[in-house]
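We name chains A, B, ... by the order of the sequence lines, and we start the count at 1 in each one.
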Number of protein chains: 2
Amino acid sequence: MNQEKRSITIRDVAKTAGVSVSTVSRVLNGKVDVAKETKNHILEVIDDLGYSTNLAARSMRSQKKNLIGLIMPDIAYPYAIEIMKGVNQAIAESEFDLLVYTSGDVRKRGHITSEQKYITLLAKSISDGVIVVAPVASEYNIDKPIVSIDPVMSHPNYPAVHATNYEGSLNAMEYLIGLGHKRIGFIGGRVELESANRRLSGYRDALKNAGIPIDEQLIVSGDYTTKTGIEGGQHLLKINDRPTAIFASNDQMAMGVYQIAEKMGLRIPEDFSLVGFDNIPESKYLGLTTVDQFISKMGYVATQMLIKVINEIPLEDQTLRIKTQLVVRNSCRRYSGDQ
Amino acid sequence: MNQEKRSITIRDVAKTAGVSVSTVSRVLNGKVDVAKETKNHILEVIDDLGYSTNLAARSMRSQKKNLIGLIMPDIAYPYAIEIMKGVNQAIAESEFDLLVYTSGDVRKRGHITSEQKYITLLAKSISDGVIVVAPVASEYNIDKPIVSIDPVMSHPNYPAVHATNYEGSLNAMEYLIGLGHKRIGFIGGRVELESANRRLSGYRDALKNAGIPIDEQLIVSGDYTTKTGIEGGQHLLKINDRPTAIFASNDQMAMGVYQIAEKMGLRIPEDFSLVGFDNIPESKYLGLTTVDQFISKMGYVATQMLIKVINEIPLEDQTLRIKTQLVVRNSCRRYSGDQ
DNA sequence: AAGGATACCGGCAACGTTACTGGAAACCGA
DNA sequence: TCGGTTTCCAGTAACGTTGCCGGTATCCTT
């Protein structure tokens with residue numbers, strides 16, 4: 001039945017062009033050692049037959065692939081999208097193409113295929129190097145270049161780009177404290193991620209620095225999703241002596257806070273102030289004051305680093321820290337304590 | 001210097017496990033024909049050595065790859081992102097992983113690597129099937145499943161999912177006309193794309209149906225980018241007897257119109273009405289009335305179709321048409337003609 | 001005109017994997 | 001005990017490509 005229309009190989013091209021396979025391979029790879037006439041003829045045949053080289057076979061045999069891999073567990077949330085935008089831009093400016101590898105959901109694969117597996121899969125097989133987002137491990141037994149974005153632990157010998165999560169958090173808190181807030185709620189992120197912990201540290205230290213006692217009741221946990229933003233926000237806003245400000249440790253959760261505030265009939269910033277973290281595009285429209293961590297720039301820079309490593313250009317710094325920056329919009333107001 | 005730490009192959013595993021290569025391959029692929037004891041031992045060795053199978057080699061040899069390819073010229077614009085969201089969701093629900101292939105920019109590759117090249121590259125090499133977005137051709141000499149999203153010309157034998165571009169455009173225009181508008185500007189999309197032409201047809205036909213003469217001066221061209229939205233908007237708004245409404249043939253360009261309007265000191269909808277097409281997330285925040293074409297749903301459905309084709313489940317319909325729907329927000333107002 | 005350089009090209013092996021074939025051992029029923 | 005299954009595994013041949021080596025012509029130099 002399925003008569004398997006075998007696809008056209010380099011051998012077919014060689015045969016119809018009346019040359020050897022190696023010669024075809026040479027014109028395919030732009031080697032000089034072939035007569036202009038033969039070359040043109042072969043190119044014609046290639047076009048006629050609609051041949052295109054088999055990536056798998058080529059990858060297996062040769063070194064340079066002009067392909068960069070980007071590994072993400074999920075590509076459908078704003079953070080991932082911003083990363084991709086940055087990577088995409090760097091890719092567009094380069095000679096490389098991009099292969100984004102995803103399983104669609106962090107939770108999809110069980111214990112069998114771990115991060116390491118994915119990386120080796122892509123790296124060994126098919127690309128010249130990979131970018132890993134928020135990886136857990138820091139060492140891989142691969143000979144291929146790897147650049148990590150926001151890794152859990154930075155390893156001095158492995159290139160990585162970070163955001164200054166701690167400082168960003170500190171800044172945001174100082175801003176709120178500077179506005180006169182003393183009771184500030186905090187909605188945390190996924191605890192297994194370094195970024196979440198560092199943002200929490202920033203929260204705690206800022207209060208400590210300002211001499212404000214920490215009320216553990218005001219710290220709730222979340223997982224960076226809108227849903228937990230809603231839950232956390234609701235919890236905080238239902239407290240009797242409710243906080244005058246909330247610091248959500250990412251914008252996605254801050255968006256949840258907006259939603260629950262509206263449902264509860266509370267206005268932002270009139271009834272309470274709100275600060276987020278990330279500066280995803282949506283924040284602009286919401287008027288959310290947040291900490292910009294230049295996500296897409298991180299993707300951009302990481303890609304450039306990777307390309308350098310691939311081309312064996314030495315890196316000035318193995319780890320690059322992108323400075324976060326507070327973006328003040330209109331989700332916060334001064335709190336004078338007299339209301 | 002670079003002593004090329006050769007990576008671990010199946011042969012290494014076989015040797016240290018004291019079995020043959022084929023046996024290792026068998027446990028790797030979950031074949032039954034191997035003793036439980038041997039199997040466990042091999043799995044242990046695999047874990048110890050940190051082996052992971054070389055995708056390229058496997059792809060070359062075997063049929064099933066559990067991998068779906070998505071080919072996009074650029075992944076950094078809202079339309080592409082929405083598609084990916086949908087595809088991502090379907091992927092997450094399936095046994096397949098996803099490989100997004102992009103060169104980062106439509107304009108990057110010259111004549112050498114065409115759409116066909118990309119498709120065969122990915123399809124022949126490495127994946128079980130591919131999804132192509134807005135492809136120009138309708139036939140490919142590949143034996144692998146292909147599903148197109150919004151193809152230029154639909155071919156009855158090739159699975160594709162469309163939006164009802166013409167009807168959507170017609171609806172939007174009828175809405176504007178129903179509000180009393182007679183001078184309606186139109187900003188067109190990339191002429192080489194079918195969607196652009198069909199939206200323009202909708203514009204023309206709606207006017208014709210309403211008995212309103214077409215003023216060619218009110219039709220300007222664009223290419224679906226914000227930049228041309230700005231230019232087109234400026235051009236239209238500078239006309240002496242300027243249109244009372246503008247229909248931008250996608251949201252991205254409508255966003256450009258917002259920008260230029262603000263710069264010119266014109267308010268929407270007080271000074272003129274605006275309608276877009278696509279319903280990208282940003283539109284919600286802008287309050288833009290637009291035609292929802294359920295982009296992410298298109299990605300979702302296309303992926304499901306592809307998976308069916310791969311699994312040789314017959315499709316009910318080769319081409320699926322997703323109905324567009326007008327989303328009324330607050331960028332339009334009634335025009336009574338007395339101002 | 002002869003020797004050497006150069007331009008061009010073909011053949012072979014190898015990349016790491018899986019499909020296929022077949023064969024040894026173990027088991028089973030009588 | 002013996003033929004026949006069954007279980008398990010090893011060996012070999014591919015898959016489509018490129019790297020390497022070497023072999024012809026052709027051209028240049030003196």
### Distance below 4.0 Å between Thr9(B) side-chain N/O and dG16(C) OP1 or OP2
no
Quiz item: Distance only, no hydrogens: is a donor on one side chain within 3.5 Å (strictly under) of an acceptor on the other, for Glu82(B) and Tyr77(B)?
Solution: no
Whole-Å distance, Arg58(B) CZ to dA14(D) C1', equals 17 Å
>> Test your reading of the model: is there a side-chain donor-acceptor pair from Thr16(A) to the backbone of Asp12(A), 3.5 Å cut-off?
In response: yes
To the nearest angstrom, the CE-P distance between Met60(A) and dG16(C) comes to 7 Å
Point to revise | Non-hydrogen side-chain atoms of Tyr300(B) and Ile295(B) separated by less than 4.5 Å | key: no
Does a side-chain heavy-atom distance below 4.5 Å link Ile68(B) with Ile307(B)? yes
Q.
Counting distance alone, no hydrogens or angles: does the base of dG11(D) have a donor or acceptor under 3.5 Å from a partner atom on the side chain of Ser20(B)?
A. no
- prompt: Yes or no on side chain to side chain contact (heavy atoms under 4.5 Å, CB included) for Ile149(B) and Ile83(B), after CA distance, side-chain angles and deciding distance?
  reply: CA-CA 9 Å; Ile149(B) 293 180; Ile83(B) 293 277; 3.9 Å; yes
Does a side-chain N or O from Thr23(A) land closer than 4.0 Å to OP1 or OP2 of dC9(C), or not? no
Ignoring hydrogens and angles, does a donor from either the side chain of Ser22(B) or the base of dG11(D) sit under 3.5 Å from an acceptor on the other? yes
Separation of dG16(D) atom C1' from Leu28(A) atom CG, nearest Å, is 12 Å
- request: Remember a base hit wins even if backbone is also touched, and classify Val19(B) as base, sugar-phosphate or nothing at under 4.0 Å, heavy atoms.
  value: sugar-phosphate
- Query: Is there a side-chain contact between Met84(B) and Met72(B), using heavy atoms and a 4.5 Å cut-off?
  - Reply: yes
Between CD1 of Ile10(A) and C1' of dG11(C) the distance, given in whole Å, is 14 Å
Here the distance between atom P of dG16(C) and atom CG of Asp12(B), to the nearest Å, is 9 Å
> Between Thr38(B) and dC9(D), is there a side-chain N or O to OP1/OP2 distance below 4.0 Å?
Replying inline: yes
Exercise for the section: Evaluate the side-chain proximity of Ile75(B) to Ile81(B): yes if any heavy-atom separation is below 4.5 Å, no if none is. Expected result: no
Between Ala57(B) and Lys36(B), the residue closer to the 5' end of DNA chain D by nearest nucleotide is Lys36(B)
Taken to the nearest whole Å, CZ/Arg26(A) to C1'/dC12(C) is 13 Å
Separation of dG16(C) atom P from Asn29(B) atom CG, nearest Å, is 17 Å
Per-helix bend value, the helix from dA1(C)-dT30(D) to dA30(C)-dT1(D), C1' rotation axes over five pairs per end, 10° rounding, shows 30°
Here the distance between atom C1' of dG16(D) and atom CZ of Arg61(A), to the nearest Å, is 11 Å
Picking from dC9(D), dT18(D), dT17(C), the nucleotide nearest the side-chain atoms of Arg11(B) would be dT17(C)
